[in-house]
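Every chain is numbered from 1 and lettered A, B, ... according to where its sequence line falls, protein lines coming before strand lines.
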2 protein chains.
Amino acid sequence: MGATNTLHYTETQKTVASLAKALGHPARVAIIEYLLSVDACICGDIVDELPLAQPTVSQHLKQLKNAGLIKGNVEGNAICYCIDEQAIEKLKTYFANISGRLAEQSPKCC
Amino acid sequence: MGATNTLHYTETQKTVASLAKALGHPARVAIIEYLLSVDACICGDIVDELPLAQPTVSQHLKQLKNAGLIKGNVEGNAICYCIDEQAIEKLKTYFANISGRLAEQSPKCC
DNA sequence: AATCAATATCGTAATATTGCAATATTAAAA
DNA sequence: TTTTAATATTGCAATATTACGATATTGATT
């Protein structure tokens, strides 16, 4: 066990992990893609797009919102959710950065 | 319950969710960043970089490998892992695409 | 062959996630 | 005001994840 073994994770590592975890279920990826395809905020038929019951979809939406991937809220019987562009931007930038750094590296053995 | 409620997820949705899930823990993000920083395949001191015991790190490596984010293997007491560039490329492309499509859309209410 | 160093696997406990039926909440409509 | 439509919350069972001590495996070294 090395000397750095008690260190915690960086803020970036925690942020990326949190966003990635939120996208770590196909239903939540499908929700993001649906919000993208609708190009509007009010979209009360998300449930119809998924092979899941309404409470389950509601839970997935909650997770996406907690992670900051979507924003908005509900007023009565009208839902108003949309993608939080900043979260997508963070992920886009993060993976583009890794990709760029990989491209600069020397060839690997595996 | 709509007519499309029994559909499954697309291949893309399943792939992205699987990769995202693998990155859904800060330890695994830290492993990826460490592999990137080392710029070499043989890197037997991953355990020293993380606040986790060796079996736990081994499990995280296994998850990353199962998801296709890293490749390589072990020969005796030598570890040989590195980032699978294709997986990073998939994520980079996916989020860049979403970002681009978001930029084209009309302003939202939330 | 016996030992060593490094990593994987097993077993297990604690915690988290997933999914849904039942119920609650909310604002609009009748 | 009662009803209705849409979404959230609760409660609970099943499953998955996380973490680690103990042990196994593996290939090199002595």
Pair R101(B), E104(B) - check salt bridge (Lys or Arg N to Asp or Glu O under 4.0 Å), show working. CA-CA 5 Å; R101(B) 288 169 64 189; E104(B) 291 172 0; over 6 Å; no
Salt bridge or not between K14(A) and E11(A)? Use side-chain N to carboxylate O under 4.0 Å.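 A salt bridge links K14(A) with E11(A).
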To the nearest Å, how far apart are [X] [atom1] and [N] [atom2]?
X	N	atom1	atom2	answer
L61(B)	dA6(C)	CG	C1'	13 Å
K62(A)	dA16(C)	NZ	P	15 Å
I79(B)	dT9(C)	CD1	P	12 Å
N66(A)	dA16(C)	CG	C1'	14 Å
L23(A)	dT18(C)	CG	P	12 Å

I'd like to compare against my own output: the B/S/- annotation of nucleotides 13-21 of chain D with a strict under-4.0 Å heavy-atom distance to protein. ---SSSBBB
With heavy-atom distances below 4.5 Å as the criterion, would you say the side chains of V29(A) and Y94(B) are in contact?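 Yes, side chains in contact.
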Quick one: is Y81(A) getting a side-chain N or O under 4.0 Å of the dA6(D) phosphate, OP1 or OP2?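 No, Y81(A) has no side-chain N/O under 4.0 Å of OP1/OP2 on dA6(D).
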Going through the distances and angles, do L69(B) and R28(B) end up as a side-chain contact (heavy atoms from CB on, under 4.5 Å)? CA-CA 10 Å; L69(B) 269 160; R28(B) 294 194 288 271; over 6 Å; no
Give the ring-plane orientation class for H25(A) versus Y9(B), where under 30° counts as parallel, over 60° as perpendicular and anything between as tilted.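 Aromatic pair H25(A)/Y9(B) classed perpendicular.
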Within 6.0 Å of NZ in K62(A), more than 12 heavy atoms from elsewhere: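 Open: at most 12 neighbouring heavy atoms sit under 6.0 Å from NZ of K62(A).
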Any donor-acceptor N/O pair under 3.5 Å between dA8(D) base and Q54(A) side chain: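 Donor-acceptor pair under 3.5 Å: yes.
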